[in-house]
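Taking it in order: structure first as C-alpha coordinates, then the write-up.
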Amino acid sequence: MSVIHKKAHAKVNLTLEVTGKLPNGYHTLRTVMLRLPHLFDDVAVTVRTDTDAITITCDDPLLPTDERNLCHTVVQPFRDRTGKSFGVDIALTKRIPMAAGMGGGSSDGAAVLLALQQYYNNPLTLEELMEVASGVGKDLPFFLTEKGCARMEHFGDVMVEEFDPPHLHVLTIHPSIAIFTPDAFGSLAPRLPLLSAPDRINTTEEICAALRASRDIAPLLYNDFEETIFALHPDIAAVKQSLLDVGATGALMSGAGSSVFGIFSSQEDLHHAQRVMLERYPQYRVMVG
(Lines give C-alpha, C1' and ligand atoms only; values in the text may rest on other atoms or scores of the structure.)
Protein backbone atom coordinates (compact mmCIF):
# COMPACT_ATOMS: atom_id res chain seq x y z
CA MET A 1 0.00 0.00 0.00
CA SER A 2 1.42 3.35 -1.03
CA VAL A 3 1.07 6.54 1.00
CA ILE A 4 -0.11 9.73 -0.70
CA HIS A 5 1.24 12.89 0.90
CA LYS A 6 -0.55 16.24 0.62
CA LYS A 7 0.17 19.69 2.01
CA ALA A 8 -2.93 21.24 3.55
CA HIS A 9 -2.29 24.99 3.44
CA ALA A 10 -3.72 27.56 5.83
CA LYS A 11 -5.84 30.42 4.50
CA VAL A 12 -6.52 33.98 5.48
CA ASN A 13 -9.52 36.10 4.50
CA LEU A 14 -8.53 39.32 2.72
CA THR A 15 -12.16 40.38 3.06
CA LEU A 16 -15.09 38.85 4.92
CA GLU A 17 -18.52 40.45 4.61
CA VAL A 18 -21.72 38.93 6.00
CA THR A 19 -24.60 39.84 3.70
CA GLY A 20 -27.62 38.23 5.34
CA LYS A 21 -29.17 35.33 7.22
CA LEU A 22 -31.52 32.75 5.73
CA PRO A 23 -34.49 31.12 7.52
CA ASN A 24 -32.46 27.93 7.88
CA GLY A 25 -29.97 29.81 10.06
CA TYR A 26 -27.11 29.95 7.55
CA HIS A 27 -25.45 33.30 6.95
CA THR A 28 -24.66 34.41 3.41
CA LEU A 29 -21.34 36.12 2.81
CA ARG A 30 -18.79 37.30 0.34
CA THR A 31 -15.09 36.89 0.90
CA VAL A 32 -11.70 36.72 -0.79
CA MET A 33 -9.54 33.89 0.54
CA LEU A 34 -5.81 33.42 0.10
CA ARG A 35 -3.89 30.20 0.66
CA LEU A 36 -0.64 30.70 2.54
CA PRO A 37 2.33 29.01 0.85
CA HIS A 38 4.53 28.62 3.92
CA LEU A 39 2.04 27.45 6.57
CA PHE A 40 0.52 24.00 6.11
CA ASP A 41 -0.33 20.69 7.76
CA ASP A 42 1.04 17.43 6.39
CA VAL A 43 -1.65 14.89 5.48
CA ALA A 44 -0.63 11.30 4.68
CA VAL A 45 -3.37 9.11 3.20
CA THR A 46 -3.23 5.33 2.73
CA VAL A 47 -6.13 3.75 0.84
CA ARG A 48 -6.95 0.20 1.92
CA THR A 49 -9.01 -2.33 0.00
CA ASP A 50 -9.08 -4.92 2.81
CA THR A 51 -11.36 -2.87 5.10
CA ASP A 52 -13.86 -0.05 5.09
CA ALA A 53 -12.56 1.44 8.35
CA ILE A 54 -11.48 5.06 8.60
CA THR A 55 -8.63 5.66 11.04
CA ILE A 56 -6.97 8.97 11.85
CA THR A 57 -3.84 9.61 13.86
CA CYS A 58 -2.52 13.03 14.76
CA ASP A 59 0.49 14.49 16.53
CA ASP A 60 -1.77 16.96 18.36
CA PRO A 61 -3.62 15.13 21.16
CA LEU A 62 -6.26 17.88 21.33
CA LEU A 63 -7.53 17.24 17.81
CA PRO A 64 -10.50 14.85 17.54
CA THR A 65 -9.75 11.82 15.40
CA ASP A 66 -13.29 10.46 15.13
CA GLU A 67 -16.33 11.55 13.11
CA ARG A 68 -15.88 15.14 14.32
CA ASN A 69 -12.75 15.45 12.16
CA LEU A 70 -13.47 16.63 8.61
CA CYS A 71 -10.86 14.20 7.29
CA HIS A 72 -13.19 11.44 8.50
CA THR A 73 -16.38 13.15 7.31
CA VAL A 74 -15.31 13.59 3.67
CA VAL A 75 -14.63 9.90 3.03
CA GLN A 76 -18.20 8.52 2.94
CA PRO A 77 -19.55 11.19 0.52
CA PHE A 78 -16.62 10.44 -1.80
CA ARG A 79 -17.41 6.71 -1.62
CA ASP A 80 -21.09 7.40 -2.28
CA ARG A 81 -20.39 9.68 -5.26
CA THR A 82 -17.84 7.38 -6.90
CA GLY A 83 -19.22 3.98 -5.93
CA LYS A 84 -15.79 2.99 -4.62
CA SER A 85 -15.40 0.66 -1.65
CA PHE A 86 -12.32 1.21 0.49
CA GLY A 87 -10.95 2.06 3.89
CA VAL A 88 -8.40 4.71 4.66
CA ASP A 89 -5.66 5.46 7.17
CA ILE A 90 -4.95 9.16 7.63
CA ALA A 91 -1.97 10.61 9.50
CA LEU A 92 -1.98 14.33 10.32
CA THR A 93 0.97 16.49 11.29
CA LYS A 94 -0.54 19.74 12.52
CA ARG A 95 0.99 23.20 12.17
CA ILE A 96 -2.14 25.28 11.57
CA PRO A 97 -3.71 26.22 14.92
CA MET A 98 -7.23 25.06 15.67
CA ALA A 99 -10.27 27.39 15.99
CA ALA A 100 -8.11 30.17 14.61
CA GLY A 101 -9.91 31.35 11.47
CA MET A 102 -7.25 29.83 9.23
CA GLY A 103 -9.18 26.86 7.84
CA GLY A 104 -6.94 24.11 9.16
CA GLY A 105 -9.64 21.45 9.52
CA SER A 106 -11.21 22.32 6.17
CA SER A 107 -7.85 22.26 4.43
CA ASP A 108 -7.04 18.86 5.92
CA GLY A 109 -10.39 17.50 4.70
CA ALA A 110 -9.82 18.90 1.22
CA ALA A 111 -6.37 17.29 1.17
CA VAL A 112 -7.94 13.91 1.86
CA LEU A 113 -10.36 14.41 -1.04
CA LEU A 114 -7.48 15.33 -3.36
CA ALA A 115 -5.54 12.26 -2.24
CA LEU A 116 -8.53 10.01 -2.97
CA GLN A 117 -8.93 11.68 -6.36
CA GLN A 118 -5.29 10.97 -7.12
CA TYR A 119 -5.49 7.35 -5.98
CA TYR A 120 -8.52 6.64 -8.17
CA ASN A 121 -7.26 8.63 -11.20
CA ASN A 122 -9.69 11.57 -10.88
CA PRO A 123 -13.10 9.88 -11.03
CA LEU A 124 -14.86 13.19 -10.23
CA THR A 125 -14.73 16.50 -12.06
CA LEU A 126 -13.63 19.54 -10.07
CA GLU A 127 -17.25 20.70 -9.93
CA GLU A 128 -18.38 17.33 -8.58
CA LEU A 129 -15.56 17.31 -6.03
CA MET A 130 -16.56 20.79 -4.87
CA GLU A 131 -20.15 19.57 -4.44
CA VAL A 132 -18.89 16.76 -2.21
CA ALA A 133 -16.75 19.24 -0.26
CA SER A 134 -19.59 21.76 0.15
CA GLY A 135 -21.80 19.09 1.67
CA VAL A 136 -19.22 18.54 4.39
CA GLY A 137 -18.00 22.05 5.25
CA LYS A 138 -18.52 25.47 3.72
CA ASP A 139 -14.80 26.38 3.60
CA LEU A 140 -13.73 23.14 1.95
CA PRO A 141 -14.40 24.08 -1.70
CA PHE A 142 -11.92 26.96 -1.52
CA PHE A 143 -9.09 24.53 -0.78
CA LEU A 144 -9.86 22.70 -4.03
CA THR A 145 -9.47 25.82 -6.18
CA GLU A 146 -6.51 25.80 -8.54
CA LYS A 147 -4.95 29.25 -8.14
CA GLY A 148 -4.99 29.65 -4.40
CA CYS A 149 -6.76 33.02 -4.27
CA ALA A 150 -10.48 33.20 -4.89
CA ARG A 151 -13.65 35.16 -4.36
CA MET A 152 -16.19 32.95 -2.62
CA GLU A 153 -19.88 33.70 -2.04
CA HIS A 154 -23.15 32.07 -0.92
CA PHE A 155 -22.08 30.40 2.34
CA GLY A 156 -18.42 30.71 1.37
CA ASP A 157 -18.71 27.53 -0.69
CA VAL A 158 -19.32 28.92 -4.19
CA MET A 159 -16.34 30.15 -6.18
CA VAL A 160 -17.10 33.26 -8.23
CA GLU A 161 -13.62 34.16 -9.47
CA GLU A 162 -10.03 32.95 -9.11
CA PHE A 163 -6.88 35.06 -9.09
CA ASP A 164 -3.19 34.39 -9.41
CA PRO A 165 -2.05 34.75 -5.79
CA PRO A 166 -0.47 38.14 -5.10
CA HIS A 167 3.12 37.96 -3.90
CA LEU A 168 2.68 38.97 -0.27
CA HIS A 169 4.92 38.84 2.78
CA VAL A 170 2.53 37.61 5.45
CA LEU A 171 3.10 37.18 9.18
CA THR A 172 0.38 35.48 11.20
CA ILE A 173 -0.11 35.52 14.96
CA HIS A 174 -2.41 33.21 16.86
CA PRO A 175 -3.28 34.34 20.39
CA SER A 176 -4.15 31.63 22.89
CA ILE A 177 -7.85 32.24 22.26
CA ALA A 178 -10.25 29.87 20.51
CA ILE A 179 -13.13 31.49 18.61
CA PHE A 180 -15.89 29.11 17.58
CA THR A 181 -17.72 30.07 14.40
CA PRO A 182 -21.33 29.72 15.70
CA ASP A 183 -20.51 32.07 18.59
CA ALA A 184 -18.92 34.57 16.22
CA PHE A 185 -21.94 34.62 13.92
CA GLY A 186 -24.23 34.97 16.92
CA SER A 187 -22.34 38.06 18.03
CA LEU A 188 -23.21 39.74 14.72
CA ALA A 189 -26.98 39.56 15.29
CA PRO A 190 -27.46 43.20 16.42
CA ARG A 191 -25.57 44.51 13.38
CA LEU A 192 -27.13 42.20 10.80
CA PRO A 193 -29.73 44.70 9.44
CA LEU A 194 -26.93 47.13 8.59
CA LEU A 195 -24.62 44.45 7.23
CA SER A 196 -27.32 43.02 4.96
CA ALA A 197 -28.38 46.39 3.54
CA PRO A 198 -28.27 46.13 -0.28
CA ASP A 199 -26.51 49.50 -0.65
CA ARG A 200 -23.60 48.78 1.69
CA ILE A 201 -20.12 49.26 0.23
CA ASN A 202 -18.85 46.10 -1.46
CA THR A 203 -15.31 45.90 -0.16
CA THR A 204 -14.89 42.44 -1.62
CA GLU A 205 -15.44 43.79 -5.13
CA GLU A 206 -12.98 46.60 -4.41
CA ILE A 207 -10.24 44.17 -3.42
CA CYS A 208 -11.05 41.96 -6.42
CA ALA A 209 -10.58 44.98 -8.69
CA ALA A 210 -7.21 45.62 -7.06
CA LEU A 211 -6.20 41.98 -7.58
CA ARG A 212 -7.18 42.13 -11.24
CA ALA A 213 -5.08 45.25 -11.71
CA SER A 214 -2.15 44.00 -9.57
CA ARG A 215 -2.59 46.97 -7.23
CA ASP A 216 -1.79 47.13 -3.52
CA ILE A 217 -4.50 45.37 -1.53
CA ALA A 218 -3.26 46.20 1.99
CA PRO A 219 -5.46 49.32 2.46
CA LEU A 220 -8.57 47.33 1.45
CA LEU A 221 -8.41 44.52 4.03
CA TYR A 222 -11.75 44.23 5.81
CA ASN A 223 -13.58 41.84 8.16
CA ASP A 224 -17.13 42.28 9.53
CA PHE A 225 -16.28 40.20 12.60
CA GLU A 226 -13.54 42.46 13.92
CA GLU A 227 -15.79 44.93 15.72
CA THR A 228 -17.62 42.38 17.84
CA ILE A 229 -14.69 39.99 18.38
CA PHE A 230 -12.36 42.85 19.38
CA ALA A 231 -14.96 44.04 21.91
CA LEU A 232 -15.08 40.55 23.43
CA HIS A 233 -11.32 39.94 23.19
CA PRO A 234 -9.27 43.17 23.36
CA ASP A 235 -6.05 41.13 23.25
CA ILE A 236 -6.80 40.26 19.61
CA ALA A 237 -7.23 43.94 18.75
CA ALA A 238 -3.90 44.64 20.49
CA VAL A 239 -2.17 42.08 18.27
CA LYS A 240 -3.49 43.78 15.15
CA GLN A 241 -2.28 47.16 16.36
CA SER A 242 1.12 45.68 17.22
CA LEU A 243 1.50 44.39 13.66
CA LEU A 244 0.77 47.87 12.33
CA ASP A 245 3.18 49.36 14.86
CA VAL A 246 6.05 47.17 13.61
CA GLY A 247 5.53 48.14 9.98
CA ALA A 248 2.69 46.13 8.48
CA THR A 249 1.15 47.98 5.56
CA GLY A 250 -2.14 46.31 6.44
CA ALA A 251 -3.39 43.91 9.10
CA LEU A 252 -6.60 41.97 9.66
CA MET A 253 -8.19 39.27 11.76
CA SER A 254 -8.75 36.18 9.62
CA GLY A 255 -12.15 34.53 9.45
CA ALA A 256 -14.03 34.68 12.74
CA GLY A 257 -10.70 34.83 14.58
CA SER A 258 -8.62 34.63 16.56
CA SER A 259 -5.58 34.68 14.24
CA VAL A 260 -4.42 38.04 12.93
CA PHE A 261 -2.12 38.58 9.96
CA GLY A 262 -0.03 41.46 8.72
CA ILE A 263 1.24 42.23 5.23
CA PHE A 264 4.78 43.62 4.91
CA SER A 265 6.55 45.39 2.07
CA SER A 266 9.57 43.10 2.01
CA GLN A 267 11.01 39.90 3.41
CA GLU A 268 13.38 41.98 5.53
CA ASP A 269 10.48 43.91 7.08
CA LEU A 270 8.65 40.65 7.74
CA HIS A 271 11.60 39.05 9.53
CA HIS A 272 12.15 42.18 11.61
CA ALA A 273 8.49 42.10 12.63
CA GLN A 274 8.72 38.39 13.38
CA ARG A 275 11.60 38.98 15.81
CA VAL A 276 9.80 41.83 17.54
CA MET A 277 6.53 39.95 17.85
CA LEU A 278 8.23 36.82 19.21
CA GLU A 279 9.72 38.98 21.96
CA ARG A 280 6.47 40.85 22.59
CA TYR A 281 4.22 37.78 22.55
CA PRO A 282 6.27 34.75 23.65
CA GLN A 283 3.04 32.99 24.68
CA TYR A 284 1.50 33.27 21.18
CA ARG A 285 2.25 31.43 17.95
CA VAL A 286 4.05 33.68 15.46
CA MET A 287 4.14 32.10 12.01
CA VAL A 288 5.33 33.12 8.55
CA GLY A 289 2.54 32.58 6.06
Side-chain angles (χ1 to χ4, degrees), residues 10-34 36 96-106 137-139 142 151-157 170-208 217-245 248 250-263 277 280-281 283-287 289:
K11 62 86 176 167
V12 291
N13 297 80
L14 303 178
T15 65
L16 180 51
E17 299 175 280
V18 178
T19 56
K21 185 178 181 179
L22 300 180
N24 63 8
Y26 279 110
H27 291 76
T28 57
L29 55 87
R30 55 185 180 235
T31 181
V32 176
M33 297 185 187
L34 174 73
L36 299 179
I96 306 170
M98 293 184 289
M102 302 186 76
S106 295
K138 299 310 177 186
D139 278 353
F142 165 71
R151 175 177 179 168
M152 309 293 292
E153 293 189 357
H154 193 232
F155 305 132
D157 58 338
V170 177
L171 186 68
T172 65
I173 299 179
H174 179 235
S176 303
I177 300 168
I179 306 291
F180 296 98
T181 302
D183 297 333
F185 275 104
S187 72
L188 286 181
R191 297 175 56 215
L192 199 57
L194 177 62
L195 298 179
S196 58
D199 58 346
R200 73 174 291 198
I201 295 172
N202 190 334
T203 308
T204 294
E205 175 51 38
E206 291 182 355
I207 211 166
C208 287
I217 64 170
L220 299 172
L221 302 175
Y222 179 80
N223 186 337
D224 273 337
F225 287 100
E226 280 196 339
E227 181 178 327
T228 50
I229 297 299
F230 285 0
L232 293 170
H233 301 284
D235 288 350
I236 303 176
V239 170
K240 177 179 177 178
Q241 185 58 52
S242 293
L243 284 165
L244 295 170
D245 290 343
L252 193 71
M253 186 179 76
S254 183
S258 61
S259 290
V260 180
F261 67 96
I263 295 174
M277 299 303 274
R280 185 172 298 179
Y281 297 112
Q283 75 276 31
Y284 295 165
R285 289 188 61 184
V286 179
M287 303 163 286

Tightest non-hydrogen contact, residues Arg151 and Thr204, listed as NE-CG2, 3.9 Å

Heavy atoms from other residues, nucleotides or ligands near CD1 of Ile201 exceed 12 (cutoff 6.0 Å) = no

In terms of heavy-atom contacts, Ile179 and Ala256 come closest through CG2-O, 3.0 Å

In this structure, CG of Leu195 is separated from CZ of Arg200 (nearest 0.5 Å) by 5.0 Å

- Residues Phe261, Leu34; criterion side chain to side chain contact (heavy atoms under 4.5 Å, CB included); working and verdict: CA-CA 12 Å; Phe261 67 96; Leu34 174 73; over 6 Å; no

Is the closest side-chain heavy-atom distance between Lys11 and Ser106 below 4.5 Å? no

Which of Phe185, Phe142, Tyr26 passes ring-ring contact (aromatic ring centres under 6.0 Å, His included) with Phe155? It is Tyr26

**OP:** Taking atom types as modelled, find out whether Thr172 and Ser259 have a side-chain donor-acceptor pair closer than 3.5 angstrom.
**Re:** no

OG1 of Thr203 to CG of Leu16, rounded to nearest 0.5 Å, is 11.0 Å

- Task: Check the pair Lys240 / Phe230 against side chain to side chain contact (heavy atoms under 4.5 Å, CB included), numbers first and verdict last.
- Result: CA-CA 10 Å; Lys240 177 179 177 178; Phe230 285 0; 3.9 Å; yes

So CE of Met102 and OG of Ser258: to nearest 0.5 Å the spacing works out to 10.0 Å

Next on the checklist: Measuring only between side-chain heavy atoms, which start at C-beta, is Asn13 closer than 4.5 Å to Phe225?
Outcome noted: no

In this structure, CE of Met98 is separated from NE2 of His174 (nearest 0.5 Å) by 9.0 Å

- Message: For a 4.5 angstrom cut-off between non-hydrogen side-chain atoms, does Thr15 reach Leu220?
- Response: no

Minimal heavy-atom distance between Ile96 and Arg285, with the atoms involved, is C-NH1, 4.2 Å

Closest non-hydrogen atoms of Leu221 and Ala251, given as atom of the first, atom of the second and distance, are CD1-N, 3.7 Å

So OG1 of Thr19 and NE2 of His154: to nearest 0.5 Å the spacing works out to 10.0 Å

Heavy-atom closest pair (Ser242 atom, Tyr281 atom, distance to 0.1 Å) is OG-OH, 2.8 Å

Between the CG atom in Asp139 and the CE atom in Met33, the distance rounded to the nearest 0.5 Å is 4.0 Å

| task | For the residue pair Thr228 and Arg191, confirm or rule out a side-chain donor-acceptor distance under 3.5 Å. | result | no

Is any side-chain heavy atom of Val12 closer than 4.5 Å to a side-chain heavy atom of Leu252?
no

Which of Leu29, Asn202, Asn223, Thr31 passes side-chain contact (heavy atoms from CB on, under 4.5 Å) with Glu17? Answer is Asn202

Correct closest heavy-atom pair for Val239 and Pro175 would be CG2-CG, 4.2 Å

